[in-house]
Structure formats: structure tokens, C-alpha cells
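Below, chains carry the letters A, B, ... as their sequence lines are ordered, and counting in each starts from 1.
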Amino acid sequence: MDEPTILDAQELEINMGPQHPATHGVLRVKLKLDGERVLDADCVIGYLHRGVEKISENRTYTKCLPYYDRTDYIAAVSNALGYVLGVEKLMEIEVPERAVTVRIMMTEFNRIASHLLWLATHALDIGALTVFLYCFREREEILKLFENLFGARLTTHAFRIGGLWMDLPPGFEEAARKFIDEFPARVDEYEQLLTNNRIWIDRTKGIGVISGEEAIDYGLSGPPLRGSGVPYDLRRSRPYGGYDQYEFDVPVGLNGDTYDRYLIRMEEMRQSRRIIQQTLDRLPGGPIRGKVPRIIKPPVGEYYSGIEGPRGELGYYIVSDGSAFPFRVRIRPPTFINLQALKRLVKGHLVADVIAIIGTLDVVLGEIDR
Amino acid sequence: MSEENKPPGAAPEDQPEQKKSGAPAAPAGGGEAKAAQPKPPAAKKPPAKKLPSYEELTDDPLLKDLRGRFPNGIVSGQSFLGQPIYTTALELLGDVMLYLRGSEWAFDYLVDLTCLDYLGDPKRLCMVYHLYSHKSGRLIRIKARAAADEMVPSMSTIWRTADWLEREAFDMYGVEFSGHPDLRRILLPEDWVGYPLRKDYDIKLQDQAWIRKHLRIRKVPE
């Protein structure tokens with residue numbers, strides 16, 4: 001180190017990001033390199049910090065909701081679900097069966113859309129351009145469904161406290177059915193391009209390996225945790241919002257590497273489709289909104305509402321002081337906690353693998369920075 | 001407070017009026033008022049929904065075990081909407097957490113770590129931890145109160161998750177953690193002044209000097 005020779009490269013510190021296409025937002029990673037090998041990595045975050053939690057304390061319970069769409073903007077529907085479930089629990093509001101079913105349907109559609117965007121960009125980062133185009137084709141169909149129902153494609157403001165804003169528009173069910181009928185063939189198509197692809201396997205197998213025990217210690221959740229063989233899916237472990245009535249499998253990995261996490265997300269898309277199929281088959285009629293008071297004023301108390309977002313455990317810890325404004329809304333951000341493990345995952349890998357590992361953690365900076 | 005919440009719940013329209021007629025009676029006379037006060041709630045109770053409230057934990061094996069092991073450590077054990085809350089003394093927080101992780105309770109997963117600010121209370125900060133056990137599938141909440149200048153033991157040696165979460169609590173609330181390997185701001189710039197999530201930090205209040213210096217905005221809007 002002190003006297004660099006020709007053979008021994010000097011330790012080098014470089015910045016990756018914040019403006020870097022493979023960091024999926026404004027993430028800056030300070031890499032300490034020995035040649036191509038990563039010795040250490042330090043994440044610098046906060047570029048997108050907007051103080052959503054502080055804003056929440058100054059808005060009524062209803063007015064908070066649109067802000068959460070803008071934390072994880074890829075999975076806005078899940079964000080809304082976690083919050084409304086929490087407030088409904090505090091207020092003891094009964095949600096009609098139809099609204100419950102539609103909520104599950106839309107959340108699973110969102111999971112598919114989110115995983116598609118992940119697959120598209122992850123493959124693109126590693127160099128498989130075709131998958132990107134295919135995934136965006138299917139994602140577009142889901143976004144059209146969102147636009148039909150919610151009036152927006154990304155920042156959906158999907159649900160209301162007590163139920164839904166509007167009932168399903170005419171033709172929605174047919175369009176949804178058409179999508180889920182076609183979808184399995186599409187997933188097979190992506191898998192054909194990647195699963196047995198030599199380059200893909202070389203770039204992902206054995207990259208960013210983490211054991212189940214260590215993953216728990218790091219607090220990982222979602223596919224990064226399940227990839228290491230821990231069957232922790234909140235839809236199963238602590239069922240919420242009616243998920244206990246649906247049949248689906250929770251895929252887990254064996255090796256805890258990037259390839260396993262890829263396989264898990266592919267399988268999760270198929271399982272989400274299975275859940276949507278069930279919601280469409282049983283979709284009951286009736287009202288879409290429960291009895292909700294004009295002013296939402298939960299009693300003094302607190303509730304932690306955790307849901308399985310596409311990226312992991314998304315929690316809302318809502319504390320009420322009895323007024324119309326929340327005393328505190330704490331968002332437990334899944335990717336903030338998952339990103340913490342980046343330092344551990346990239347150690348010893350090449351710079352090119354850092355990009356694969358950032359991709360496999362599926363980070364959304366809007367949620368990390370809030 | 002709880003009376004006020006009932007009408008929006010499921011109460012018929014005539015009830016707020018009942019309350020109004022009952023309210024002026026209260027300040028009328030010292031002794032009589034006390035006798036008059038319990039009456040209106042008693043009359044209202046049957047039609048109104050029972051609101052969720054904090055309930056003392058009874059027959060909770062974890063609370064019993066903790067009380068036995070840390071006689072001075074456990075302040076209270078409550079539950080709200082079925083979620084158990086254990087409040088511990090700050091001095092013994094580290095020991096309690098170490099025990100919860102290492103013993104057969106096996107709370108191996110720190111779900112979340114955050115802070116609440118009760119302005120005006122001598123122990124204004126309230127640390128909140130959510131723990132989950134992959135073995136038993138239980139989710140619990142641990143709380144500990146601290147004064148603004150008190151050191152809180154860091155959990156980063158018990159759960160790695162705590163590292164960034166404690167940095168965030170430091171960033172937003174100014175909680176000082178003893179034993180944290182790298183305590184610095186995480187979301188805000190390092191030279192920012194103030195702790196935004198504290199209750200005395202107004203939402204419009206910003207570190208104006210910082211903004212002037214770094215964003216080169218001369219006139220910062222009030």
C-alpha cells in the first residue's frame with residue numbers, strides 16, 4: 001500500500017452515482033477498490049428526502065394518503081393498502097367484502113407490475129436488452145388497468161379509508177381476465193430468455209450470497225430474505241386484509257444469491273396471477289365503501305400495520321393522540337433496510353457485480369429517502 | 001377525549017346534542033359537577049361502539065418472565081388492538097433486548113426502530129422497537145422513555161438492522177446512541193442544524209443558513 005509497485009494497484013476510492021443509470025434513482029455509493037475488486041462500499045442517501053413523515057403530522061388522516069404514493073412510486077397501490085388498513089383498525093371500520101377483494105386484486109396487479117419493472121431494469125443493467133422491451137409491454141397493460149380504475153398510472157391514490165373511491169369500470173373484469181389468461185405464457189417467454197442463458201447465469205449465480213441467518217440479522221425482507229431460504233411472507237406469516245382466504249405458494253431459494261432471488265420473483269409473479277384469478281372468480285357484489293365518519297379521529301392509541309409489499313415488509317406505525325392529525329406516522333421502509341446489506345453483499349465482488357446486486361435488492365430511492 | 005370520538009363512530013345524529021346539553025352542567029358547581037359528569041357517558045354507552053383502548057396485559061407469559069428476571073426493568077405491559085407493548089426502563093433496555101434475542105423467546109428480527117417526541121414531558125423521547133420472532137411468529141413492541149440529553153444504548157450489536165435505523169433516529173430526533181459504530185446523519189446533509197421530526201421543529205422551519213450557503217438562495221421565503 002505504501003509503496004505501490006507495477007503489479008500492485010493502489011487502493012482507489014470512486015463514486016458511483018448519484019446520477020448513474022444503474023442505481024435506479026439518486027443513490028451514491030462510495031466504492032473502495034483494489035483494481036476491479038470492491039473492498040468496501042458506503043451508501044450516501046437522502047437526495048430525495050422530502051420529509052413525508054413530518055408532512056403526515058400536519059395533514060389529516062385522509063390527506064396523508066396521496067403522499068405515500070410518492071414514497072415507493074413503483075408500488076403505490078401497496079403503499080396505500082398498508083396505511084388504510086392501519087387507520088381502519090384504529091377506527092374499527094368494517095370494509096365491505098367487495099372492496100376487500102378488489103384491494104387484493106389491485107395489490108397483486110401492482111406486485112406484478114413492480115416485479116416486471118424490476119426484471120426489465122435488472123436485465124437491462126446486466127446487458128439483456130430484449131427482456132426490457134417485453135416486460136414493458138406487459139406492464140403497460142397493467143398500468144392501463146390502473147388508469148381505468150384509479151385515473152392515474154403511477155401515483156394512483158388507490159384506496160380510501162373504508163373502501164374504494166369508485167367501483168370497477170365497465171369492461172374492467174374482461175380486460176383483467178384477458179391479461180391473466182395471457183400472462184403465464186409471457187412469464188415463460190422471459191424465462192426462456194434468461195433462466196438457462198449462460199451469460200445470465202454467469203452474471204447472477206454466486207453473486208451477493210447471504211445466508212438465511214445473516215439475512216435475518218440484517219433485517220432483510222421480501223425476495224432478498226426468501227432467496228436465502230426463510231419463508232417469511234407477511235401474507236402468510238401475519239395475514240392482513242383478507243389474504244388468509246387465498247391459496248398461493250411462498251417460493252423460497254436455496255443459495256441466497258442473485259440468481260435465486262431472480263427465480264423467486266419470477267415465481268411470485270405466477271403466484272400473484274393465481275391470487276388475481278381467485279379474486280376475479282369470487283368477486284362479490286355489494287357496496288364498495290364501509291360506514292366512515294366524515295372526520296377521521298381515531299382514539300388515543302397506536303397500531304403497527306405491516307404488509308408484504310413487492311420489495312418486502314412495508315410497515316406503517318400510526319400513533320394517534322385523538323385529534324384529526326396523526327401524532328406520528330412511521331413508515332417502515334423495506335428497501336431502506338435492504339439497502340443496508342449492500343455493503344456486506346458487494347464485498348469482494350467486481351464493480352460490474354455491484355450493479356447486479358443493486359438490481360437484485362430492487363431499491364426505490366423515493367422510499368429509502370422518503 | 002373519548003367522548004368526542006364516539007359521535008363520528010356509529011352514533012345517531014341526536015347524540016351530539018345530548019352532549020351539548022350535558023356539557024354546560026359540568027362547570028355549574030364544584031361538588032355537583034362531579035356527580036353530574038359521569039351520567040352522560042353512562043347514558044351514551046349502550047348505543048355507541050366500544051372504542052379500542054390500552055389494556056393491561058394479564059396472563060402474558062413473556063411479561064411474567066421479564067418481570068421475574070428484571071424486577072426493576074419492566075415499567076408496564078399493555079396491549080392495544082391485540083398488539084402487546086412492553087415498556088422498559090432505559091437503564092435496563094440493553095439487557096432486556098439482549099435477553100429477548102438470546103433466550104428461548106428468540107426475537108431474532110428487528111422489524112423497526114423509531115422514536116416519538118412528547119414535547120413538554122421531562123422524558124420527552126420515546127424509543128419504539130418492533131421485534132419479531134421467526135420461531136414463534138410473535139410480534140411485540142418495546143418502548144423506553146428517555147430525556148432529550150440522555151444516551152440510549154445502541155442495538156446495532158444485537159441486530160445489524162439497527163445501524164441505519166439508529167442513524168435515522170439520530171438524524172430526525174437527535175437521539176444519542178451509546179456504542180453505535182458510526183453515528184452520523186443519514187438522510188439530511190451532515191452540516192444541517194436541528195432535528196426535523198421533533199415536535200418543536202415547525203414544518204416551515206428550515207436550516208436557513210444551510211440553504212443560503214448551499215443552494216445560493218439569498219432570500220429564503222419565510
Can [X] and [Y] be counted as an ion pair, charged N to O under 4.0 angstrom?
| X | Y | answer |
| --- | --- | --- |
| A:R236 | A:D249 | no |
| B:E150 | B:R145 | no |
| A:D42 | A:K343 | no |
| A:K30 | A:E13 | no |
| B:R198 | B:D200 | no |

Which bit of [X] is near chain B, if near means a heavy-atom gap under 4.5 Å: side chain, backbone, both or neither?
| X | result |
| --- | --- |
| A:I337 | side chain |
| A:F327 | both |
| A:E313 | side chain |
| A:R344 | neither |
| A:N58 | side chain |
| A:N338 | neither |
| A:I368 | backbone |
| A:V44 | neither |
| A:E213 | neither |
| A:L339 | both |

Could you tell me whether the side chain of [X] and the main chain of [Y] form a donor-acceptor pair under 3.5 Å?
| X | Y | answer |
| --- | --- | --- |
| B:Q78 | B:P84 | no |
| A:E308 | A:L234 | yes |
| B:D108 | B:H134 | yes |

Select one option (side chain, backbone, both, neither) describing which atoms of [X] are under 4.5 Å from chain A's heavy atoms.
| X | answer |
| --- | --- |
| B:R184 | side chain |
| B:D171 | neither |
| B:L113 | backbone |
| B:Y201 | both |
| B:V128 | side chain |
| B:R141 | side chain |
| B:I158 | backbone |

Just checking heavy atoms, which of residues 187-196 of chain B are less than 4.5 Å from chain A?
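Within residues 187-196 of chain B, near chain A: B:L187, B:L188, B:P196.
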So, do A:Y83 and A:S305 sit near enough that their side-chain heavy atoms are less than 4.5 Å apart?
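Side-chain contact under 4.5 Å: no.
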Give me the ring orientation class for A:Y304 and A:Y317: parallel if the planes are under 30° apart, tilted from 30 to 60°, perpendicular past 60°.
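Tilted, since the angle between the ring planes falls between 30° and 60°.
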